[in-house]
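Notes follow once the structure below has been shown.
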Number of protein chains: 2
Amino acid sequence: MNIHDIAKLSGYSAATVSRVINCRKYVSDNAKLAVQKVIKEYDYVPNDVARDLSKGKTHNIGVVMPHTKHPYYTGIINGIMDAAFPAGYRIVLLPSMYNADVEMNYLNRLRRKAYDAIIFTSHGISLEDLVNYQTYGSIVCCHDPGNYKISAAYTERIDSYLAAFKWAKEQNVHDVSILLSRDFTLSATSQLTRKAFSDVFGHAPSNDLLRTGIVTYEDGYASARSLHENNQTPDMIFSNGDDIAAGARQFYLDNNLPVPMLIGQENQLSGQLLNLPTIDHNFHEIGRLAFELAISDETKQVSVESKFILRNQKDCSDS
Amino acid sequence: MNIHDIAKLSGYSAATVSRVINCRKYVSDNAKLAVQKVIKEYDYVPNDVARDLSKGKTHNIGVVMPHTKHPYYTGIINGIMDAAFPAGYRIVLLPSMYNADVEMNYLNRLRRKAYDAIIFTSHGISLEDLVNYQTYGSIVCCHDPGNYKISAAYTERIDSYLAAFKWAKEQNVHDVSILLSRDFTLSATSQLTRKAFSDVFGHAPSNDLLRTGIVTYEDGYASARSLHENNQTPDMIFSNGDDIAAGARQFYLDNNLPVPMLIGQENQLSGQLLNLPTIDHNFHEIGRLAFELAISDETKQVSVESKFILRNQKDCSDS
DNA sequence: TTAATTTCTGGAACGCGTTTCAGGTCAAGT
DNA sequence: ACTTGACCTGAAACGCGTTCCAGAAATTAA
């Protein structure tokens with residue numbers, strides 16, 4: 001049962017049926033009634049894929065995310081969804097695991113018109129590739145693209161990082177362990193972290209106290225163990241997530257070791273429960289903005305500020 | 001640039017080009033080479049929407065979720081994704097807010113072939129509606145459908161609920177507050193909670209100690225306040241999420257009130273941090289199973305056991 | 001050397017809705 | 001009475017890839 005069947009049954013043409021369905025002008029009352037009757041009688045609904053093909057638009061936005069565990073991504077996703085839903089767009093989850101082939105595959109699906117636009121919450125392939133693929137559709141990334149001409153919604157992190165490290169310095173810490181999601185060489189965010197640290201402390205962060213590939217509570221726990229096993233005793237751990245900080249803390253507690261000071265990120269519930277200083281990167285807002293950019297024709301960059309949050313300082317080391 | 005253009009340029013027909021693209025048999029080496037050359041030269045990629053239309057399949061699975069904040073949904077989503085990705089399916093997020101019109105709209109989009117199947121992590125419309133819409137595509141729900149003929153992947157909760165309440169009884173608690181996501185009348189899960197409670201305690205849970213519509217940490221906090229303001233002093237709070245329990249706990253701490261015993265659910269990080277007894281509903285596995293059902297032709301029900309988890313009991317009331 | 005396969009290939013139909021365009025009607029304006 | 005413009009309508013083209021079927025050519029089997 002398709003639009004042509006309805007046309008035949010109602011005695012009108014497919015064009016008229018299409019007009020009725022889409023509430024277009026230039027349809028007589030007679031035609032409208034006749035068509036609606038048949039549609040109702042046969043319980044007809046139009047095929048969305050055919051419509052998408054015809055219109056050249058799917059109302060689907062692909063959202064590429066390296067993994068799903070990290071709240072960074074769920075935060076952005078929520079922001080995107082909250083903006084996409086009222087606008088009549090759907091979001092398609094595209095897990096990438098930072099795999100270049102997989103990401104390329106998604107870009108090609110953009111070319112193939114499977115999505116109207118694609119948002120990279122993060123990406124393993126080069127920014128240059130992303131920029132080049134813009135010929136085939138709207139692409140948005142979620143970090144500062146520097147001089148590259150590409151739409152981006154991201155958090156301006158430097159001030160909050162500086163604030164965090166300044167506060168750290170005021171606490172008279174000397175050995176700061178930094179836990180990162182990705183290595184300095186791979187991630188602009190990681191580079192920024194290093195820069196902020198260096199600016200405040202006057203020297204680069206120690207490699208002995210650095211751990212990368214850290215994403216979850218469990219990773220945080222393992223990092224602390226690794227530090228301990230390498231006889232490193234940082235007096236502060238700066239991590240890229242409250243959950244991660246919580247994991248590290250747990251390792252020390254479990255082993256009756258003194259817990260270093262902790263700074264988290266993402267303003268997660270764990271941080272709230274443990275009263276950790278944290279950095280809120282406003283991911284929900286980033287998601288909203290990314291969506292707006294995705295469906296707009298302009299190529300532009302928008303950013304929001306992140307905030308270093310010092311909670312009322314109770315003791316953080318108790319269980 | 002479409003397949004017909006490629007056909008013309010290569011001197012072969014669209015049918016042959018299609019065969020080359022899809023690596024079908026019955027193509028001569030000459031034809032293959034010629035077509036591939038033109039495809040490469042013009043950097044042609046086929047249109048996915050046209051292909052979907054032609055094949056009558058989108059490889060998209062719609063996943064309806066009432067809201068995005070609750071880890072119940074993110075857990076299932078992760079399970080679905082982990083299964084869908086290797087199978088070449090994508091998942092489309094469909095927020096519903098338990099709104100019947102919205103959910104109906106998604107069901108209609110299934111009819112309209114926008115999705116190959118649809119998974120309801122939860123639903124506001126009647127199970128009967130869901131059952132009826134199966135004519136139009138594969139539908140999976142995530143709770144025990146009773147006698148209704150519909151595919152379902154869900155957690156068998158009764159044993160863990162019983163175990164939890166039995167443990168509670170052993171702790172000699174008398175006034176158990178129950179915090180639920182949805183009212184008994186609306187939710188089978190809520191009914192089960194009540195049944196388990198009644199079975200163990202020999203009487204129905206107190207309405208004065210019941211709160212519904214509770215989903216987040218903040219809701220948990222508000223519930224505790226509400227209980228307090230109504231002069232209710234439960235000696236245990238049974239909540240539908242560790243985060244929620246954590247929220248309730250925080251209210252008591254903030255007001256220097258004794259913290260009742262707590263039982264959480266979902267085995268969340270907050271529960272881990274606070275050493276809460278919890279119930280793990282195995283949502284990741286539910287997601288996996290739901291996906292398998294979604295792409296299979298059979299209509300069947302599968303369930304997994306949930307587990308009551310009693311952690312090593314440290315004191316839960318400190319900060 | 002036939003008969004029977006298997007391999008190639010392309011025209012045309014199919015999946016299905018949208019849109020353009022041309023042709024026609026009818027009421028309002030001059 | 002004549003022009004103008006708004007209103008209706010449908011055939012056909014368009015978006016684009018897949019597949020069935022028929023016919024031709026090349027092998028293989030007998």
Side-chain angles (χ1 to χ4, degrees), chain A residues 1-39 42-60 88 108-116 136-137, chain B residues 1-39 42-60 88 108-116 136-137:
Chain A
M1 179 65 51
N2 62 33
I3 200 169
H4 298 285
D5 298 326
I6 300 296
K8 236 170 268 167
L9 288 163
S10 65
Y12 286 86
S13 72
T16 299
V17 176
S18 177
R19 288 191 196 99
V20 171
I21 291 172
N22 295 293
C23 304
R24 282 287 204 329
K25 270 174 56 171
Y26 304 136
V27 181
S28 67
D29 289 350
N30 279 346
K32 195 192 284 186
L33 254 54
V35 169
Q36 284 175 335
K37 184 163 171 289
V38 177
I39 287 179
Y42 289 85
D43 198 20
Y44 163 77
V45 287
N47 180 306
D48 271 349
V49 182
R51 181 179 280 181
D52 287 347
L53 172 61
S54 190
K55 295 234 184 195
K57 219 176 169 215
T58 63
H59 289 273
N60 282 339
N108 278 312
R109 292 185 57 79
L110 178 67
R111 288 186 65 181
R112 291 147 162 270
K113 307 287 179 199
Y115 316 117
D116 291 353
Y136 309 118
Chain B
M1 179 65 53
N2 62 35
I3 201 168
H4 298 286
D5 297 327
I6 300 296
K8 237 171 266 167
L9 288 162
S10 65
Y12 287 86
S13 70
T16 299
V17 176
S18 177
R19 286 190 198 100
V20 171
I21 291 172
N22 295 293
C23 303
R24 283 286 204 331
K25 270 174 55 173
Y26 304 136
V27 182
S28 68
D29 289 351
N30 279 346
K32 194 191 284 185
L33 255 53
V35 169
Q36 284 175 335
K37 183 163 173 289
V38 177
I39 287 179
Y42 289 85
D43 198 21
Y44 162 78
V45 288
N47 180 305
D48 271 349
V49 182
R51 181 178 282 181
D52 286 348
L53 173 61
S54 190
K55 296 233 185 196
K57 216 170 172 220
T58 63
H59 289 273
N60 283 339
N108 278 312
R109 292 185 58 77
L110 178 67
R111 288 186 66 181
R112 292 146 162 271
K113 308 286 178 199
Y115 316 117
D116 291 354
Y136 308 118

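Residue numbering restarts at 1 for every chain, and letters A, B, ... go by the order of the sequence lines.
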Can you give me the N/O atom pairs linking the protein to nucleotides 22-27 of chain C at distances under 3.5 Å, or say none if there are none?
none

Could you run through nucleotides 7-17 of chain C and give me one letter per nucleotide, 5' to 3': B if any protein heavy atom sits under 4.0 Å from the base, S if only the sugar-phosphate is that close, - if neither? SSBBB---BBB
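Judged as a side-chain hydrogen bond (donor to acceptor under 3.5 Å, both in side chains), and not counting sequence neighbours, the contacts of A/Tyr136 are B/Asp43. Every ring-ring contact (aromatic ring centres under 6.0 Å, His included) that B/His59 has, sequence neighbours left out, goes to B/Tyr89.
The heavy-atom pair separating A/Ala114 from A/Asn60 by the smallest distance is O-CB, 4.0 Å. When all heavy atoms of A/Pro46 and A/Ile21 are compared, the pair lying nearest together is CG-CG2, 4.3 Å. The two residues B/Val38 and B/Leu9 make their nearest non-hydrogen contact at CG1-CB, 3.6 Å. Across every non-hydrogen atom of A/Val27 and A/Arg19, the tightest pair is CG2-CB, 3.5 Å. When every heavy atom of B/Ser10 is checked against every heavy atom of B/Ala34, the shortest pair comes out as CB-O, 4.1 Å.
Two residues are said to be in side-chain contact when any heavy atoms from C-beta on lie closer than 4.5 Å; B/Val35 and B/Tyr44 fail this criterion.
In terms of modelled atom types and a separation under 3.5 Å, the side chain of A/Asn22 and the main chain of A/Arg24 share no donor-acceptor contact.
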Sequence neighbours left out, cut at 3.5 Å: what donor-acceptor pairs do the side chains of residues 47-55 of chain B make with other protein atoms?
from    : atom 1 : to       : atom 2 : distance (Å)
B/Asn47 : OD1    : B/Val49  : N      : 2.7
B/Asn47 : OD1    : B/Ala50  : N      : 2.9
B/Asp48 : OD1    : A/Arg112 : NH1    : 2.9
B/Asp48 : OD2    : A/Arg109 : NH1    : 3.1

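Within 4.0 Å (heavy atoms only), B/Arg24 reaches sugar-phosphate atoms of the nucleic acid but no base atom.
Distance CD1 (A/Ile6) to C1' (C/dT18): 16 Å, rounded to an integer number of Å. D/dG17 atom P lies 10 Å from atom CD1 of B/Ile39, rounded to whole Å.
Fit an axis to the five pairs at each end of the helix from C/dT1-D/dA30 to C/dT30-D/dA1 and the two axes sit 30° apart, to the nearest 10 degrees.
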